[in-house]
Student: 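Input: one structure, supplied below.
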There are 2 protein chains.
Amino acid sequence: MARAATTTDAFNAVAEPRRRQILDLLAAGERPVNDLVEDLGLAQPLVSKHLRVLREVGLVQVRDEGRRRLYRLDARPLRSISEWLRPFEQAMSERFDLMDDVIQELKAQEDGR
Amino acid sequence: MARAATTTDAFNAVAEPRRRQILDLLAAGERPVNDLVEDLGLAQPLVSKHLRVLREVGLVQVRDEGRRRLYRLDARPLRSISEWLRPFEQAMSERFDLMDDVIQELKAQEDGR
DNA sequence: AAGTTACATGCCCACATGGGAATGTGTCAA
DNA sequence: TTGACACATTCCCATGTGGGCATGTAACTT
């Protein structure tokens, strides 16, 4: 098997920086594709493709308004990421950084370079 | 360009379910590769490859002990994900789910099917 | 009806992937 | 020294990718 499809879940969909940018922009509110195209400075087909991926994992919803399509954020699928991350929250804190620095030093000495 | 390398950042490294499992296991403490191989039920080379990716993005650290290599979690790179996620926290909450349901209904009526 | 606008979809490519299988490397044991 | 053990690396393949480009489709305008 190759790499999992980007449409597999929120983890894979959000691994792409442009798709994260799109979600950032949509956090401000509903917007048509052209707005996103301008703000991102990307080709329109590219944006449409990214939006398709986001749609397939449920991170955005669409609404037709005349010849425009308004995209809207749906952050709920991000919860799976947030929940997976929670047990690691403590280990991410600054305090543990200091511990890690000490360990790094010990390791460096151990390597004896 | 193709998809970004898995070693590009924590986002891409963590998109792979097995790598998330490995981090889950390492959250309990330092462990040799063989332990992980048994717990994951994967082929040893596969585990080594995944560990390599995690190492390259700084999510794990290694320490040699005889003929074994002890891997250790370093959760710090996860912070970039956690921080990107933070602005969406509110939008993930249950309360907004209810709002979304209402919006879904309105949208369904609007579509007039 | 014809043109334009706003998107979506299709085809192409270079590229990195996850897994399988085999092999390499370093450490300990007998 | 020879063998077993613990890992890492290499080669292979099928697959899905992001981007560029061209085309399709629906809605609005004139």
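Residue numbers begin at 1 in each chain, while the letters A, B, ... track the order of the sequences.
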Student: Does A:Glu65 pair with A:Arg68 as a salt bridge, N-O distance under 4.0 Å?
Tutor: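 The answer is yes: the pair qualifies as a salt bridge.
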Student: For A:Arg69 and C:dT9, give me the distance from atom CZ to atom C1', rounded to whole Å.
Tutor: 12 Å
Student: Which residues in residues 31-48 of chain B have a heavy atom closer than 4.0 Å to any atom of DNA chain D?
Tutor: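 By residue number: B:Pro32, B:Val33, B:Asn34, B:Gln44, B:Pro45, B:Ser48.
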Student: Between C:dA8 atom P and A:Arg68 atom CZ, what is the distance in whole Å?
Tutor: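 Going from CZ in A:Arg68 over to P in C:dA8 covers 13 Å.
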Student: Let me know the distance between CZ of B:Arg3 and C1' of D:dG18, rounded to the nearest Å.
Tutor: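 Distance, rounded to whole Å: 10 Å.
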Student: Answer yes or no for B:Arg20 and A:Phe11: cation-pi contact, defined as NZ/CZ to six-membered ring centre under 6.0 Å and angle to ring axis within 45°.
Tutor: yes
Student: Measure from NZ on B:Lys49 to C1' on D:dT10 and round the result to the nearest Å.
Tutor: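 Spelled out: NZ on B:Lys49 to C1' on D:dT10 is 8 Å.
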Student: Need to verify one output field. Residue with the more 5' nearest nucleotide on DNA chain C, A:Ala4 or A:Arg52?
Tutor: A:Arg52
Student: Let me know, please, whether A:Asn12 or B:Leu51 comes out on the 5' side of the other along DNA chain D by nearest nucleotide.
Tutor: B:Leu51
Student: Please tell me which of A:Glu16 and A:Ala2 maps to the more 5' nucleotide of DNA chain D, matching each residue to the nucleotide holding its nearest heavy atom.
Tutor: A:Ala2
Student: How many whole angstroms separate atom CD of A:Glu56 from atom P of D:dG16?
Tutor: 13 Å
Student: Any chance you could lay out the side chain to side chain contact (heavy atoms under 4.5 Å, CB included) test for B:Met92 and B:Leu85, step after step, and finish with the verdict?
Tutor: CA-CA 10 Å; B:Met92 300 182 215; B:Leu85 232 41; 3.8 Å; yes
Student: Looking at D:dA8, I'd like to know if its phosphate oxygens (OP1 or OP2) sit under 4.0 Å from a side-chain N or O belonging to B:Tyr71.
Tutor: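 Result: yes.
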Student: Could you check how far CD of A:Glu65 sits from C1' of D:dA26, rounded to whole Å?
Tutor: 15 Å
Student: Starting at atom CZ of A:Arg67, determine the distance to atom C1' of D:dT30, rounded to an integer number of angstrom.
Tutor: 12 Å
Student: Roughly, in whole Å, what's the span from CG in A:Leu70 to P in D:dA27?
Tutor: 14 Å
